[in-house]
Amino acid sequence: MEVKVKNVRKEFEQFPVLYDVSLDIRSGELIALLGPSGSGKTTLLRLIAGLDFPTEGAIYFGDEDASLKSVQERNVGFVFQHYALFRHMSVLDNVGFGLKVRKGSERPSKTEIEKRARDLLEFVQLRGLEKRYPNQLSGGQRQRVALARALAIEPRVLLLDEPFGALDAQVRKELRRWLRDVHDSTGHTTVFVTHDQEEALELADRVVVMSQGRIEQIGKPDEVYDTPNSPTVFSFIGESSKLPVTIERGQLYFADRPLGLDSHGVADGEGQLFFRPHDVEIVSGEETAIAGTVTSSRRTAGTRQVELEVGGAKERVEIEIPADHPATAKSRIAFKPRRWSVFAA
C-alpha cells in the first residue's frame, strides 16, 4: 500500500507541531522517522494511523483520501513502545483481539481466529506460549506478541512507535534483525519512529530525518550518513565535530590558516566545517592542517577518542586515533579530515 502525506500541518491549541510536511512512502517500503524529542515524528505517525487528524493537508492510502478516516477504516496495524497488551488476556487472545472485535460479516469464525493467532505466534517464534499472560513474558516476547497482534488484522500499513525503546541494548539488537526479517517476509508497507540513529540506519530502506516539525532530509541510510544536507542532519546522524571556518576562493581557512580543504562549492564567507571523528588522517606537519592540544582521551574498543583544544583553545573537537598512539594529555596532534562537509554560517 502506497502512502502519501501531502502538505500536512498539525496544530495543538493553535501551536504548530508539523509545518507543511510532504512524504511519499512506496508500497512495501520500510521507512524510519528519525529525530530528537519534539521533532514531530510521533505526531506524523499518529496522523498516518488515524489516531489524530491534520489541521491542514491530506493523507492518501493509494488513491484514497484517508485524512478523516478512523484507524479501523484505514486498517492499520499499530505497535506501541510499551506493548499495550491486555493483561487479563492470554497471549493467544491478545493476538486474535483485533479480529474478534470486527463487525458482523467482517469477523472470521472463532476457529479461523484461533488458527490465525496460532500461525502468527509460530511466525514470531513464540509457539508454546499461547496460554501465558503478558506478565509472564520478557520484554522482547511481549513486543513480539504486540507485533503478531498488529499483523493479525492483515493491515494495509504497519506502524511502530519506538518499538524497542523499553528494551535493553542486547534485546534491541536482536529484535532489530528479527523485525527486518519479518518485514522482508511479509512485504508490508512499514513506518517506524525512532530517535536511535543506529536503529534507523540498520533497519530502514529510507530514513526521514525530522527536526522542529519539518523534514530535514529523506534518503537511503548511506545517503543521510555520508552526504547530510544540513548542519542539523550532520550533527544528529552519527558522531561529528565542527569548526567555524572562513571560505576564500573556494578554500577553507581556520584561525587565519589555510587547511588545504576545498569548500565543495559553498560561496565565500563564513562557514562551518563538519567531519566525522573516525574520518581523519593524522599528519606530521601543522602548516595546512588542524592542530590542537589533547585535553582528554578515552578507549573505545580498538581505537581511542581524543578531545583536542584547537584555535588557541577557543574550540574543541573530537578525533579518533589508534589505540596504541602515544598521545597523552597536553600532547600536540595535527590532522586533516579525509571527508568533510561545509555549510554557510
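Basis for what follows: all heavy atoms, side chains included, without hydrogens, waters or symmetry-related copies.
Ser67 and Gly57 get closest at one heavy-atom pair: OG-O, 4.3 Å. The shortest heavy-atom contact between Leu85 and Arg149 is CA-NH1, 3.7 Å. Taking each heavy atom of Asp262 and Val342 in turn, the nearest pair found is O-CG2, 4.2 Å. Closest heavy-atom contact between Ser22 and Asn7: OG-N, 2.8 Å. Across every non-hydrogen atom of Phe61 and Ile48, the tightest pair is CZ-O, 3.5 Å. Minimum interatomic distance between Pro337 and Leu261 (heavy atoms only, all atoms of both residues): CD-CD1, 3.9 Å.
When hydrophobic clusters are built by joining Ile, Leu, Val, Met, Phe, Trp and Tyr residues whose side-chain heavy atoms come closer than 4.5 Å, directly or via intermediates, Phe78 is not grouped with Leu151. When the side chains of ILVMFWY residues are joined at heavy-atom separations under 4.5 Å, either directly or via intervening members, Val208 and Val233 end up in two distinct hydrophobic clusters. The cluster map of Ile, Leu, Val, Met, Phe, Trp and Tyr, joined by side-chain heavy atoms under 4.5 Å apart, puts Ile153 and Leu159 in different clusters. Cluster annotation: Val207 is not connected to Ile31 through the hydrophobic network of ILVMFWY side chains, with a link wherever side-chain heavy atoms come within less than 4.5 Å. At a threshold of 4.5 Å between side-chain heavy atoms, the hydrophobic network of Ile, Leu, Val, Met, Phe, Trp and Tyr places Phe97 and Val91 in two separate groups.
With salt bridges taken as basic N to acidic carboxylate O contacts below 4.0 Å, one links Arg156 and Glu64. Salt bridge status for Arg116 with Glu112: absent, with no side-chain N to carboxylate O gap under 4.0 Å. Ion pairing between Arg180 and Asp205 holds under the 4.0 Å rule for side-chain N and carboxylate O. Under 4.0 Å is where a charged nitrogen must lie from a carboxylate oxygen, and between Asp93 and Lys100 at least one such pair does.
Annotation: side chain of Leu179 is not in contact with side chain of Thr190 (no heavy-atom distance under 4.5 Å). Contact check for Phe234 versus Gln272: no side-chain heavy atoms found under the 4.5 Å cut-off. Within the 4.5 Å cutoff, the side chain of Lys115 has no heavy atoms near those of the Thr111 side chain. Side-chain contact between Val5 and Leu47 is absent, with no heavy atoms from C-beta onward closer than 4.5 Å. With a 4.5 Å cut-off on side-chain heavy atoms, Val79 and Gln143 count as touching. For the pair Leu252/Thr246, no side-chain contact is recorded, criterion being any heavy-atom separation below 4.5 Å from C-beta on. A 4.5 Å side-chain heavy-atom check between Val21 and Lys10 finds every atom pair outside the cut-off. In this structure the side chain of Leu259 never reaches within 4.5 angstrom of the side chain of Lys336, judged on heavy atoms.
Donor-acceptor pairing under 3.5 Å is recorded for the side chains of Ser230 and Glu216.
Applying the 6.0 Å contact sphere to CZ of Arg87 captures no more than 12 heavy atoms from other residues, nucleotides or ligands. Within a 6.0 Å sphere centred on CG of Asp63, heavy atoms belonging to other residues, nucleotides or ligands number 12 at most. More than 12 heavy atoms of other residues, nucleotides or ligands shown are found within 6.0 angstrom of CG on Asp168. When the shell of 6.0 Å around CZ of Arg127 is examined, it contains 12 or fewer heavy atoms from other residues, nucleotides or ligands.
Taken to the nearest 0.5 Å, the OG atom of Ser240 stands 9.0 Å off from the CZ atom of Phe275. With values rounded to the nearest 0.5 angstrom, Leu167 atom CG is found 8.5 Å from Ser138 atom OG. In this structure, CZ on Arg9 lies 9.0 Å from CG on Asp20, to the nearest 0.5 angstrom. The distance from the CD atom of Gln197 to the OH atom of Tyr225 is 8.5 Å, given to the nearest 0.5 Å. Rounding to the nearest 0.5 Å gives a distance of 10.0 Å between CG of Leu203 and CD of Glu198. One finds the CD atom of Gln141 at 6.5 Å from the CZ atom of Arg132 (value rounded to the nearest 0.5 Å).
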| Step-by-step side chain to side chain contact (heavy atoms under 4.5 Å, CB included) determination, Thr293 to Lys330 | CA-CA 5 Å; Thr293 304; Lys330 298 191 177 178; 4.3 Å; yes
| request: Let me see the working for Val124 and Trp178 under side chain to side chain contact (heavy atoms under 4.5 Å, CB included), right down to the final yes or no. | output: CA-CA 9 Å; Val124 300; Trp178 173 77; 3.5 Å; yes
| said: If you apply the rule side chain to side chain contact (heavy atoms under 4.5 Å, CB included), what do you find for Asp184 with Leu30, and how did you get there? | reply: CA-CA 9 Å; Asp184 292 343; Leu30 179 57; over 6 Å; no
| said: Run Phe236 and Leu34 through side chain to side chain contact (heavy atoms under 4.5 Å, CB included) and show every step you take. | reply: CA-CA 9 Å; Phe236 189 73; Leu34 174 67; 3.6 Å; yes
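For the pair Asp279 (side chain) and Trp340 (backbone), a donor-acceptor distance under 3.5 Å is absent. Here the side chain of His188 pairs no donor or acceptor atom with the backbone of His183 at under 3.5 angstrom. For Glu73 (side chain) and Ser70 (main-chain N/O), a donor-acceptor pair under 3.5 Å exists by modelled atom type. Under a 3.5 Å cut-off, the side chain of Gln217 and the backbone N or O of Thr227 do form a donor-acceptor pair. Between the side chain of Glu270 and the backbone N or O of Pro244 there is no donor-acceptor pair closer than 3.5 Å. In this structure a side-chain-to-backbone donor-acceptor pair under 3.5 Å is missing from Arg107 to Ser109. Glu307 contributes no side-chain N or O that, together with a main-chain N or O of Thr295, makes up a donor-acceptor pair within less than 3.5 Å. Although no hydrogens or angles enter the test, the distance criterion places a donor-acceptor pair under 3.5 Å between the side chain of Glu130 and the main chain of Gly128. Remark: side-chain polar atoms of Arg74 are paired, donor with acceptor, to backbone N or O of Lys69 under 3.5 angstrom. The main-chain N or O of Ser211 is never found under 3.5 Å from a side-chain atom of Ser39 such that the two would form a donor-acceptor pair.
Apart from Tyr19 itself, the hydrophobic cluster it occupies contains nothing, where clustering links Ile, Leu, Val, Met, Phe, Trp and Tyr at side-chain heavy-atom distances under 4.5 Å.
Applying the salt bridge (charged side-chain N to carboxylate O under 4.0 Å, His left out) test to every pair with at least one member in residues 21-30, sequence neighbours left out, gives these pairs: Arg26-Glu29, Glu29-Arg206.
Of the candidates Arg298, Lys242, Arg276, Arg304, Arg298 is the only one forming a salt bridge (Lys or Arg N to Asp or Glu O under 4.0 Å) with Glu318.
Cation-pi check for Arg144 over Phe123 is not met; the charged atom does not lie both under 6.0 angstrom from the ring centroid and within 45 degrees of its normal.
Classification of the Phe274-Phe343 ring pair by plane angle, with boundaries at 30° and 60°, yields perpendicular.
Taking Glu162 as the reference, Lys41, Gln81, Val193, Thr194, His195 meet the side-chain contact (heavy atoms from CB on, under 4.5 Å) condition, with sequence neighbours excluded.
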